[in-house]
Amino acid sequence: MSIQKQTLEQQESQMMRLKNSGLINYTASPLLNDEKEEEMTRSALAAFHAKEEEIERKKTEIRGKVQAQLGRVEEETKKLAEIREELEALTDPMRKEVSLIRKKIDLINRDLRPLGLSCQKKEREYKEALETFNEKNREKAQLITKLMELVSESEKLRMKKLEELCKNMESLY
């Protein structure tokens with residue numbers, strides 16, 4: 001619409017220029033004026049058609065350029081989408097694997113905590129039992145030593161008594 005207004009304004013300005021330049025003379029005969037006006041109308045129409053053709057040609061040219069740009073933009077958009085997909089494909093498996101491993105580590109940590117506490121408790125119990133065992137072994141060793149001493153003394157005493165008895169028996173004979 002604005003292009004048509006511009007062309008109409010251009011035609012009117014051409015008519016005004018022709019009138020002002022003296023090509024159109026209203027003092028001449030009406031027949032001559034009609035021919036001149038008709039010729040001016042034809043030239044104005046020819047100028048109008050030329051301008052319209054030029055405008056259409058420029059429109060077509062601009063449309064072509066815009067289409068070419070849109071084509072390039074679409075290609076670039078596709079390329080960017082492909083690159084984005086490739087990046088996501090690269091990072092997603094890594095993220096999934098890392099996430100799975102972290103979850104497994106967390107589960108193992110949950111299992112390890114009570115096991116660690118149980119292990120510490122059992123180590124304390126073991127140390128206490130070992131101490132008690134070693135203490136009893138030392139006590140047993142002392143008692144065995146004392147028993148051996150007592151048995152040894154008892155044997156000495158018995159031997160002594162036997163010798164005395166043997167001497168007493170010999171003295172009786």
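Legend: residues meeting side chain to side chain contact (heavy atoms under 4.5 Å, CB included) with I105, ordered by chain and number and at least two apart, are I101, N109. Contacts of K65 classified as salt bridge (Lys or Arg N to Asp or Glu O under 4.0 Å), with partners at least two apart in sequence or in another chain: E61. Scored by the salt bridge (Lys or Arg N to Asp or Glu O under 4.0 Å) test, R110 finds no partners at all (sequence neighbours excluded). Looking at residues two or more places apart in sequence or on another chain, you find a side chain to side chain contact (heavy atoms under 4.5 Å, CB included) between R138 and N134, E135. Take E123 and apply the side chain to side chain donor-acceptor pair (under 3.5 Å) test, not counting sequence neighbours, and it matches no residue. Shown here are the side chain to side chain contact (heavy atoms under 4.5 Å, CB included) partners of L117, two or more places apart in sequence or in another chain: Q120. Every residue meeting the salt bridge (Lys or Arg N to Asp or Glu O under 4.0 Å) condition with E54, not counting sequence neighbours, appears here in chain and number order: K58. Applying the salt bridge (Lys or Arg N to Asp or Glu O under 4.0 Å) test to E56 and every residue at least two apart in sequence or in another chain returns K59.
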Could you please spell out the steps behind the side chain to side chain contact (heavy atoms under 4.5 Å, CB included) verdict for R124 and K121? CA-CA 5 Å; R124 281 192 301 262; K121 180 181 176 185; 3.8 Å; yes
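Taking a 4.5 Å side-chain heavy-atom cut-off between Ile, Leu, Val, Met, Phe, Trp and Tyr, the cluster of I62 extends to V66, L70. Applying the under-4.5 Å side-chain rule to Ile, Leu, Val, Met, Phe, Trp and Tyr, the cluster around L143 consists of that residue alone.
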Side-chain donor-acceptor pairs under 3.5 Å in residues 146-162, sequence neighbours left out?
none

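We find the OG-NZ distance between S99 and K104 to be 11.0 Å, quoted to the nearest 0.5 Å. To the nearest 0.5 Å, atoms CD1 (I55) and NZ (K51) are separated by 7.5 Å. From K127, atom NZ reaches atom NZ of K122 across 16.0 Å, with rounding to the nearest 0.5 Å.
Identified under the side chain to side chain donor-acceptor pair (under 3.5 Å) test for residues 67-85, with sequence neighbours left out: Q69-R72.
No side-chain donor-acceptor contact under 3.5 Å links S118 to the backbone of P114.
Of all the heavy atoms in N168 and S171, the pair that sits closest is O-OG, 2.7 Å.
The neighbour count for R102 CZ, taken as heavy atoms of other residues, nucleotides or ligands under 6.0 Å away, does not exceed 12.
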